[in-house]
Novice: 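One structure coming up, written as structure tokens, with questions to follow.
All values below were derived from every heavy atom in this structure, side-chain atoms included, with hydrogens, water molecules and symmetry-related copies excluded. Letters A, B, ... are given to chains in the order of the sequence lines, protein chains preceding strands, and every chain is numbered from 1.
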Amino acid sequence: MRSQLAQPATEVAPLLLGARLTSVVGPGTVSVEITEVEAYEGEADPASHAWRGPTARNAVMFGPAGHLYVYRSHGLHWCLNVVTGGVGTATAVLLRAGRVVEGDEIARLRRGTHLPSSRLARGPGCLAQALGATGALDGADLLTGAGPIRLTMPETPPGETARGPRVGVSRAADVPLRWWIAGDPTVSAYRRSPRAPAPAAD
DNA sequence: GATTTGATTCTCT
DNA sequence: GAGAATCAAATCC
């Protein structure tokens, strides 16, 4: 499976739709089925953290595929990425949303309120929170099966998928590197970054 | 060394 | 629809 992930993020991203991410941190097991992802193409992608080259924060992205890259956004939220490509290639796939398929009660507990199931993991920060994932998991190997968090590729195609521009990025905002499962209620609504330049007129 | 921004989300108007 | 909350890393002087 690791070889499957050792491809450019743009190749791996659609493959991750329908994949299952399972965390066993804290009080119990929570599994989510990925419904929305975004690809980041490393140093060639101005929207990627790796755009300026290797740093202490993004070091994991330059490592081997199949590891988890976790970073904090706005000081509040944790965001989860699957590292793809080979060593030295800083491509990664951001996990934006998912559907809780196991550990529903635990996820609901972490999210704090009695939300409908479709909102437990809608959005990158919410997904991480539902799984109990934090910066402590940065660099974790998703494929050993022994770690606190692991990834299982889908056995069957997820059905109809859609593709469009990435959410919230201020650079390269119009590049269609986001994939999601069409019609899924857990997919977050598209919101353009307030800092992004106006979209190119037709 | 100080300043600014960010792959966000929630709440109030 | 707009603004606040809040930490760290990158950038600038």
Novice: Contact class for S193(A) (heavy atom, under 4.0 Å): base, sugar-phosphate, or nothing?
Specialist: nothing
Novice: Looking at dA9(C), does its base get a donor-acceptor pair with the side chain of H49(A) below 3.5 Å?
Specialist: no
Novice: Is there a side-chain polar atom (N or O) of T55(A) under 4.0 Å from OP1 or OP2 of dA10(C)?
Specialist: yes
Novice: Kindly say if R111(A) contacts the phosphate of dC10(B), meaning a side-chain N or O under 4.0 Å from OP1 or OP2.
Specialist: yes
Novice: Starting at CG of N58(A) and ending at P of dA7(B), how long is that distance when rounded to a whole Å?
Specialist: 13 Å
Novice: Please state how far atom CG in L76(A) lies from atom C1' in dC10(B), giving the value in whole angstrom units.
Specialist: 10 Å
Novice: Given a 3.5 Å cut-off on both pairing distances, which stems involving DNA chain C, each at least three consecutive Watson-Crick or G-U pairs, are present, if any?
Specialist: B:1-6 with C:7-12, B:8-12 with C:1-5
Novice: Given atom CZ of R57(A) and atom P of dT11(C), what is their separation to the nearest angstrom?
Specialist: 10 Å
Novice: Roughly how far apart, to the nearest Å, are dA2(B) and dT6(C) at atom P?
Specialist: 22 Å
Novice: Could you tell me which non-hydrogen atom of V70(A) sits nearest to which non-hydrogen atom of D138(A), and how far apart they are?
Specialist: N-OD1, 2.9 Å
Novice: For L94(A) and Y40(A), which heavy atoms make the closest approach, and how far apart are they?
Specialist: CB-CE1, 3.8 Å
Novice: Taking the side chain of R52(A) as its heavy atoms from C-beta onward, which of dA7(B), dA10(C), dT8(B) lies nearest to it?
Specialist: dA10(C)
Novice: Answer yes when R192(A) and D174(A) have at least one side-chain N-carboxylate O distance shorter than 4.0 Å, and no when they do not.
Specialist: yes
Novice: What closest approach, in Å, do R150(A) and V24(A) show between heavy atoms, and which atom pair accounts for it?
Specialist: NH1-CG1, 4.1 Å
Novice: By nearest atom, which of the nucleotides dT6(C), dA7(B), dC10(B) is closest to the H74(A) side chain?
Specialist: dT6(C)
Novice: Look at S170(A) and dG6(B) and indicate whether a side-chain polar atom (N or O) is within less than 4.0 Å of OP1 or OP2.
Specialist: yes
Novice: With rounding to the nearest 0.5 angstrom, report the NE2 to CG distance, H67(A) to L137(A).
Specialist: 13.0 Å
Novice: Expressed in angstrom and rounded to an integer, what is the separation of R192(A) atom CZ from dT9(B) atom P?
Specialist: 18 Å
Novice: OP1 or OP2 of dG6(B) less than 4.0 angstrom from a side-chain nitrogen or oxygen of R72(A), does that happen here?
Specialist: no
Novice: For a quick test of reading the model: is some side-chain N or O of R191(A) closer than 4.0 Å to OP1 or OP2 of dG1(C)?
Specialist: no
Novice: Heavy atoms under 4.0 Å, any strand shown: does R166(A) hit a base, just sugar-phosphate, or nothing?
Specialist: nothing
Novice: Please report the distance, rounded to the nearest Å, between CG in N81(A) and C1' in dG6(B).
Specialist: 14 Å
Novice: Quick one: R119(A) CZ to dT11(B) C1', roughly how many Å, whole number?
Specialist: 14 Å
Novice: Nearest-Å distance, CG (L115(A)) to C1' (dC10(B))?
Specialist: 11 Å
Novice: For residues M61(A) and A92(A), report the shortest heavy-atom separation together with the two atoms involved.
Specialist: SD-CB, 3.6 Å
Novice: Examine the side chains of T186(A) and S118(A) and answer whether a donor and an acceptor come within less than 3.5 Å of each other.
Specialist: no
Novice: Quiz question: going by heavy-atom distance under 3.5 Å, is there a donor-acceptor pair between the base of dA8(C) and the side chain of Y71(A)?
Specialist: no
Novice: Salt bridge or not for E33(A) and R99(A), using N-O below 4.0 Å?
Specialist: yes
Novice: In this structure, how many angstroms lie between the P atom of dA7(B) and the CD atom of E38(A), rounded?
Specialist: 10 Å
